[in-house]
Amino acid sequence: MAQRWVQRWDVQQERYVPDREERFRVVIDVVGWAVARAGDRGGVARIVDLGCGPGSLSARLARVFPTAEIVGIDADPLLLGLAAGSSGGVRLVHADLTDPAWPGATGLDAPWDAAVSSTALHWLAPDALAGLYSTVAGRLRAGGVFVDADNRALDEPVMADLARHVRSARALRAGVTDNEDWHSWWDGVLADPDLAPLVDARSAAAIAHGGENGLTVGQQVGMLRAAGFSAVAPVWQSGDDHVLAAVR
Ligand SMILES: C[S@@+](CC[C@H](N)C(=O)[O-])C[C@H]1O[C@@H](n2cnc3c(N)ncnc32)[C@H](O)[C@@H]1O
């Protein structure tokens with residue numbers, strides 16, 4: 001049942017991120033680069049997925065890095081419940097990324113090799129995101145990577161408009177504009193009687209979302225440098241959809 005809901009989630013997310021599978025693959029390539037460079041360090045690679053939701057990226061990482069320790073963090077018990085039923089080889093942790101204590105909940109010793117995220121951190125207010133960047137920078141080993149796939153505005157307003165237009169055109173070409181939308185997916189999942197305990201857990205643990213933080217690529221690059229990353233750049237882009245990589 002969880003797998004069915006996660007497959008439906010993936011289709012729903014592709015409505016907004018038409019190149020989501022390629023974008024996941026690029027995130028995995030960045031992690032692979034960092035893990036290979038750390039080869040002589042020995043030991044098991046440690047990877048944290050920030051805002052893992054129902055585990056789409058975590059599950060793909062676990063398939064590519066079967067010996068790695070992979071921890072998915074999310075504040076939503078329902079999405080974590082779906083991840084638990086569909087993402088073998090991943091440890092799932094309920095935590096709020098705006099709570100500075102969250103790294104303790106991962107159970108992972110530092111240093112980590114990689115922290116990844118997809119379509120999640122645009123929900124964090126600028127101060128909370130800056131705090132998260134510092135926390136992650138403090139736990140990654142030298143040469144470890146933070147890699148975040150998300151939509152983010154371009155710095156000049158006219159380019160931000162153009163990039164949104166390019167993404168919409170891409171969505172039309174990819175044929176995803178009729179995919180189930182976010183609200184329909186949530187209506188369905190919340191009404192599924194088999195998921196009632198997870199729905200109740202979600203109601204009891206709701207966190208407030210203030211909407212998109214509106215930070216541009218340039219602003220996020222600056223924040224990552226200020227947090228202690230030595231090199232930061234987008235490594236993939238389609239319209240306003242970016243994979244931003246930062247090397248510790
Ligand atoms: C659009 S979903 C993306 C999920 C998954 N990464 C994917 O690509 O399918 C955004 C996720 O971020 C999580 N999230 C948002 N704010 C959070 C916070 N403060 N702490 C932990 N998770 C958070 C939400 O619960 C949700 O699972």
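Just so you know, ligand 1 is whichever comes first in the structure, and atom 1 is the first atom listed for that ligand. Values below: all heavy atoms of this structure, side chains included; hydrogens, waters and symmetry mates excluded.
Here the side chain of Arg248 pairs no donor or acceptor atom with the backbone of Val145 at under 3.5 angstrom. In terms of modelled atom types and a separation under 3.5 Å, the side chain of Asp240 and the main chain of Asn151 share no donor-acceptor contact. With Arg91 contributing its side chain and Thr106 its backbone, the two residues share a donor-acceptor pair below 3.5 Å.
Evaluated by nearest non-hydrogen atom to atom 18 (C) of ligand 1, the leading choice among Ile73, Leu80, Asp96 is Asp96.
Close approach of ligand 1 to Gly53 (heavy-atom distance below 4.0 Å) involves ligand atoms 4 (C), 27 (O). For ligand 1, the atoms sitting less than 4.0 Å from at least one non-hydrogen atom of Leu79 are 26 (C), 27 (O), numbered in the order shown with element in parentheses. Which parts of ligand 1 touch Asp76 is read off a 4.0 Å heavy-atom cut-off, strictly below it: atoms 25 (O).
One finds no salt bridge joining Asp241 and Arg167 here, because no Lys/Arg side-chain nitrogen approaches an Asp/Glu carboxylate oxygen to under 4.0 Å. The pair Asp10-Arg60 meets the salt-bridge criterion, since a charged nitrogen lies less than 4.0 angstrom from a carboxylate oxygen.
Within the structure, ligand 1 lacks Gly55 among the residues with a heavy atom less than 4.0 angstrom away. Distances from ligand 1 to the non-hydrogen atoms of Trp9 include at least one value under 4.0 Å.
Summary of contacts: the protein heavy atom closest to atom 22 (N) of ligand 1 is Ala75 N, 3.3 Å. Protein heavy atom nearest atom 7 (C) of ligand 1, with residue, atom name and distance: Ser118 OG, 3.5 Å. Nearest protein heavy-atom contact of atom 5 (C) of ligand 1 is Cys52 O, 3.4 Å. When only non-hydrogen protein atoms are considered, atom 20 (N) of ligand 1 lies nearest to Leu97 N, 2.9 Å. Closest to atom 3 (C) of ligand 1 among all protein heavy atoms lies Thr119 O, 3.4 Å. Closest to atom 12 (O) of ligand 1 among all protein heavy atoms lies Ala120 CB, 3.4 Å.
Between Phe229 and Phe146, the ring planes lie tilted relative to each other; the angle falls in the 30° to 60° range. A perpendicular orientation is assigned to the rings of Trp185 and Trp5, their planes being inclined by more than 60° (bins at 30° and 60°).
Only the backbone of Ala95 comes within 4.0 Å of ligand 1, counting heavy atoms alone; no side-chain atom from C-beta on gets that close.
The number of heavy-atom neighbours closer than 6.0 Å to CE of Met159, taken from other residues, nucleotides and ligands shown, is 12 or below. The local environment of CG in Asp178 is sparse, with at most 12 non-hydrogen atoms from other residues, nucleotides or ligands closer than 6.0 Å.
Among the atoms of Pro54, none of the N or O lies under 3.5 angstrom from an N or O of ligand 1. In terms of polar-atom proximity, Asp74 is counted as a contact of ligand 1, with an N or O under 3.5 Å from an N or O of the ligand. Inclusion of Gln13 in the set of residues having an N or O under 3.5 Å from an N or O of ligand 1 is not warranted.
Distance CD1/Ile70 to CG/Asp49: 9.0 Å, rounded to 0.5 Å.
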